[in-house]
Novice: 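Sharing a structure with you now.
Naming: A, B, ... by sequence-line order, numbering from 1 per chain. Computed from a predicted model, the values in this text were never measured in an experiment.
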Protein chains: 2
Amino acid sequence: MSPRKAENELTRGMIMDAARELFVKNGYQHVSMRQIAKELQCSHGAIYYHFKNKAELFYTIVEEDFRSLDELLQTILDKEMPKREKLMEIFLGYIEFGLQHQSQYEIMFLIKDEEVRSYLHQSPNVSYERFASAVYGLCEGKASIGQIWTVFLSLHGFVTHYCRSGQTYDDVKDLAMVHARFIVKGLLD
Amino acid sequence: MSPRKAENELTRGMIMDAARELFVKNGYQHVSMRQIAKELQCSHGAIYYHFKNKAELFYTIVEEDFRSLDELLQTILDKEMPKREKLMEIFLGYIEFGLQHQSQYEIMFLIKDEEVRSYLHQSPNVSYERFASAVYGLCEGKASIGQIWTVFLSLHGFVTHYCRSGQTYDDVKDLAMVHARFIVKGLLD
DNA sequence: TACATTATTGACCGATGGTTAATTAATAAG
DNA sequence: CTTATTAATTAACCATCGGTCAATAATGTA
């Protein structure tokens, strides 16, 4: 019975960080508000002071993370390097993002759950369009729209599989390189 | 109060069929024994007479489905045709199987649940090993182990995506051809 | 110090779900 | 017909979960 630890106040950021870690590790459905609270060493009721409900907490995290995907893509595009290497970086970056935000990725591209889905609008489409037009530009007409789609599906397969097996990007870094090289080769040569 | 409907006895097969459909539609965690029972128009307790628990029911389904995938692969391998075409057939066959047996495929490769996956350690690996060694043999040393894995993941991405959007194999036959050709080309040329 | 505001607690609710145990009906065997 | 076995029903148990809320402690402020 010692409410309010002054030196250790609860913030939205703290909640999001703890929640993100749990969501990534266990998936949306397997994380309860009580678990998050336990991680933060606060009561689960406290979280509801900062977020309306579980879905809103999750959606806030997803939005933040997808902003970082946009930044990542832009960062790579702004670099000075050969286009072929840029493609490699984009593909690897996409895989890395997918694996480091597994729960989010799942929501965007895999999950059927209507309750959660209703929170998103066209984010997946927008995300793909950004990706596709970047790749298209870097191929200088060598690749068709259909081929870029094929490329996306191949990356998607990689991410999907390792999302399911729950491994980290570092665990599969080498395999990701092989995968990306295979795709770049098929695209440009 | 009318236990035991004689003319409509409950069998393991009936339970598995109903459960498979629900598992695929909603995912392991989102399907309750009560839902399955409702679908079968029996009591949920009845299922426990035929299966020890939910996980065992699920595991039994998965095992059965893996067997049918293995059979498909063997059928193709037994055919008489050039190796390049055989590769195409395997890839297209894999996609076709995935899309025409979406239920099985999703159970086998898409479900993430830890509790469940602890039940099936070998099945997916064994199934993949069959696929990989078949492809390896057909490439005559041109492909590395890593590349074959890459190929598998690319196919996986295709199937996964179109499983989600619920299209039939016929709907995406042409795209599947593009995809498979892309892969074969990267593998052999 | 007294007061108002803010943050946190912990009990509680209704729902759901896995699982088990007691019980009852249908069927087969003798 | 009687009895044993099998297969199913029903209800109850227990845990968990999302979410709410009144009570209350910590803090800033006047």
Novice: Report which part of the nucleic acid A:Ser43 touches: base, sugar-phosphate, or nothing (heavy-atom distance under 4.0 Å, all strands).
Specialist: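 The answer is base, as A:Ser43 lies within the cut-off (heavy atoms under 4.0 Å) of a base atom.
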
Novice: Starting from P on C:dT19, measure out to NE2 on B:His50 and report it in whole angstrom.
Specialist: 16 Å

Novice: Would you mind reading off the distance between B:Leu10 atom CG and D:dA8 atom P, rounded to a whole angstrom?
Specialist: 5 Å

Novice: Find the distance B:Met33:CE to D:dA8:P and express it as a whole number of Å.
Specialist: 14 Å

Novice: Without swapping roles, check the side chain of A:His101 against the backbone of A:Phe66 for a donor-acceptor pair under 3.5 Å.
Specialist: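 No, A:His101 side chain to A:Phe66 backbone: no donor-acceptor pair under 3.5 Å.
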
Novice: If I take atom CD in residue A:Glu9 and atom P in nucleotide D:dG28, what distance separates them, rounded to the nearest angstrom?
Specialist: 8 Å

Novice: Please give, in whole Å, the distance from C:dG18 P to B:Phe58 CZ?
Specialist: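 So the CZ-P distance, B:Phe58 to C:dG18, works out to 13 Å.
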
Novice: Should the side chain of A:His44 and the base of D:dG18 be counted as holding a donor-acceptor pair, with the cut-off at 3.5 Å?
Specialist: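 Donor-acceptor pair under 3.5 Å: no.
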
Novice: Closer to the 5' end of DNA chain C via nearest nucleotide, is it B:Gly45 or A:Thr11?
Specialist: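 With B:Gly45 and A:Thr11 compared, the 5'-side residue is A:Thr11.
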
Novice: Checking the side chain of A:Asp171 only, and the main-chain atoms of A:Thr168 only, is there a donor and an acceptor separated by less than 3.5 Å?
Specialist: yes

Novice: Please give, in whole Å, the distance from C:dC12 P to A:Tyr48 OH?
Specialist: 18 Å

Novice: Take the protein atom CG of A:Asn26 and the nucleotide atom P of D:dC17, then report the distance between them rounded to whole Å.
Specialist: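 After rounding, the reported distance stands at 11 Å.
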
Novice: Return the value, rounded to whole Å, for the distance between atom NE2 of A:His30 and atom C1' of D:dG18.
Specialist: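 Value for this atom pair: 16 Å.
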
Novice: Within the 3.5 Å criterion, strictly below it, is a donor on B:Gln74 or B:Asp70 matched to an acceptor on the partner's side chain?
Specialist: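 No - no donor-acceptor pair under 3.5 Å links their side chains.
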
Novice: Examine distances only and state if a side-chain atom of A:Arg12 and a backbone atom of A:Phe51 form a donor-acceptor pair shorter than 3.5 Å.
Specialist: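 No.
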
Novice: Ignoring backbone atoms, test whether A:Tyr49 places a side-chain nitrogen or oxygen under 4.0 Å from the OP1 or OP2 oxygen of C:dT8.
Specialist: no

Novice: OP1 or OP2 of C:dG17 less than 4.0 angstrom from a side-chain nitrogen or oxygen of B:Gln35, does that happen here?
Specialist: yes

